[in-house]
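Written out below as structure tokens is the structure these notes cover.
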Amino acid sequence: MTEQLRQAKQQNQMQEQRNQQLYANIAHDLKTPMTMIIGYAKALCQKETNAKEREEDYLQIIVEQTDHVNHLVDELLAYTRLQNQKYQLKLEKQDIA
């Protein structure tokens, strides 16, 4: 019984470490595109000399990075749902002709 408790505690600690690493990775993955979005948006707002010439490029980068952040958040939400013990994955049987 003592061994089972020790193993359960060890497994909980390992899971907590994995979760902390996951959160750190998520924060990093979100921070990078957000920093780019902020930088390019500020350049556009400040009307820098070269910003007017590159306005379309800057806006395209902002759109791409925003899409990337949106995709990361969607993946995070999907992961969160899968980790929820109340969530049940429903598979539908497809007829193959």
Side-chain angles (χ1 to χ4, degrees):
M1 178 71 134
T2 304
E3 180 62 23
Q4 289 176 335
L5 289 173
R6 187 187 65 73
Q7 287 178 354
K9 183 178 178 180
Q10 187 177 28
Q11 287 176 346
N12 284 340
Q13 289 173 339
M14 289 174 54
Q15 183 61 42
E16 183 62 31
Q17 288 175 345
R18 283 191 293 261
N19 286 344
Q20 288 176 356
Q21 184 63 44
L22 175 67
Y23 299 145
N25 290 342
I26 290 169
H28 179 267
D29 286 349
L30 289 171
K31 185 74 172 166
T32 302
M34 291 303 297
T35 300
M36 290 180 69
I37 292 167
I38 291 167
Y40 284 103
K42 283 182 179 180
L44 289 171
C45 289
Q46 293 173 356
K47 307 283 186 203
E48 291 183 9
T49 312
N50 66 343
K52 189 64 178 167
E53 300 162 358
R54 311 254 351 245
E55 188 172 308
E56 286 185 38
D57 294 336
Y58 287 8
L59 289 172
Q60 185 59 39
I61 290 169
I62 290 170
V63 168
E64 289 170 1
Q65 293 303 313
T66 303
D67 287 343
H68 181 62
V69 169
N70 193 43
H71 175 73
L72 290 172
V73 170
D74 286 345
E75 284 186 345
L76 177 59
L77 290 173
Y79 174 78
T80 303
R81 275 188 233 114
L82 290 173
Q83 293 301 314
N84 185 345
Q85 293 179 2
K86 294 180 182 178
Y87 180 80
Q88 292 182 0
L89 182 62
K90 295 181 182 178
L91 300 175
E92 294 181 16
K93 185 176 177 181
Q94 296 181 352
D95 294 328
I96 300 176

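For the single chain, residues carry numbers from 1 onward in sequence order. No experiment lies behind these values; they were computed from the predicted model shown.
Atom CD of Gln4 is surrounded by 12 or fewer heavy atoms from other residues, nucleotides or ligands within 6.0 Å.
Between His68 atom NE2 and Ile61 atom CD1 the span is 14.0 Å, to the nearest 0.5 Å. The NZ atom of Lys9 lies 14.5 Å from the CE atom of Met14; values are rounded to the nearest 0.5 Å. If you take CD on Gln65 and OG1 on Thr35, they are separated by 10.0 Å, rounding to the nearest 0.5 Å. Distance check, rounded to the nearest 0.5 Å: CZ of Arg81 to CG of Leu76 gives 10.0 Å. In this structure, the separation between CG on Leu72 and OH on Tyr79 is 15.0 Å, given to the nearest 0.5 Å. Going from atom CG of Leu5 over to atom CD of Glu3 covers 9.5 Å, rounded to the nearest 0.5 Å.
No continuous path of hydrophobic side-chain contacts links Val73 to Tyr23 [ILVMFWY only; heavy atoms under 4.5 Å].
Between Gln13 and Gln17 the shortest side-chain heavy-atom distance does not fall below 4.5 Å. By the 4.5 Å heavy-atom criterion applied to side chains, Val63 and Leu59 are not counted as neighbours. In this structure the side chain of Asp57 never reaches within 4.5 angstrom of the side chain of Tyr40, judged on heavy atoms.
Remark: the Arg18 side chain and the Gln15 side chain contain an N/O donor-acceptor pair separated by less than 3.5 Å. Glu75 and His71 form a side-chain donor-acceptor contact under 3.5 Å, judged by distance and modelled atom types alone. Side-chain polar atoms of Gln60 and Glu56 form no donor-acceptor pair below 3.5 angstrom. A side-chain donor from one of Gln21 and Asn25 sits under 3.5 Å from a side-chain acceptor of the other.
A pairwise comparison of heavy atoms in Leu44 and Ile62 identifies CD1-CD1, 3.9 Å as the closest pair.
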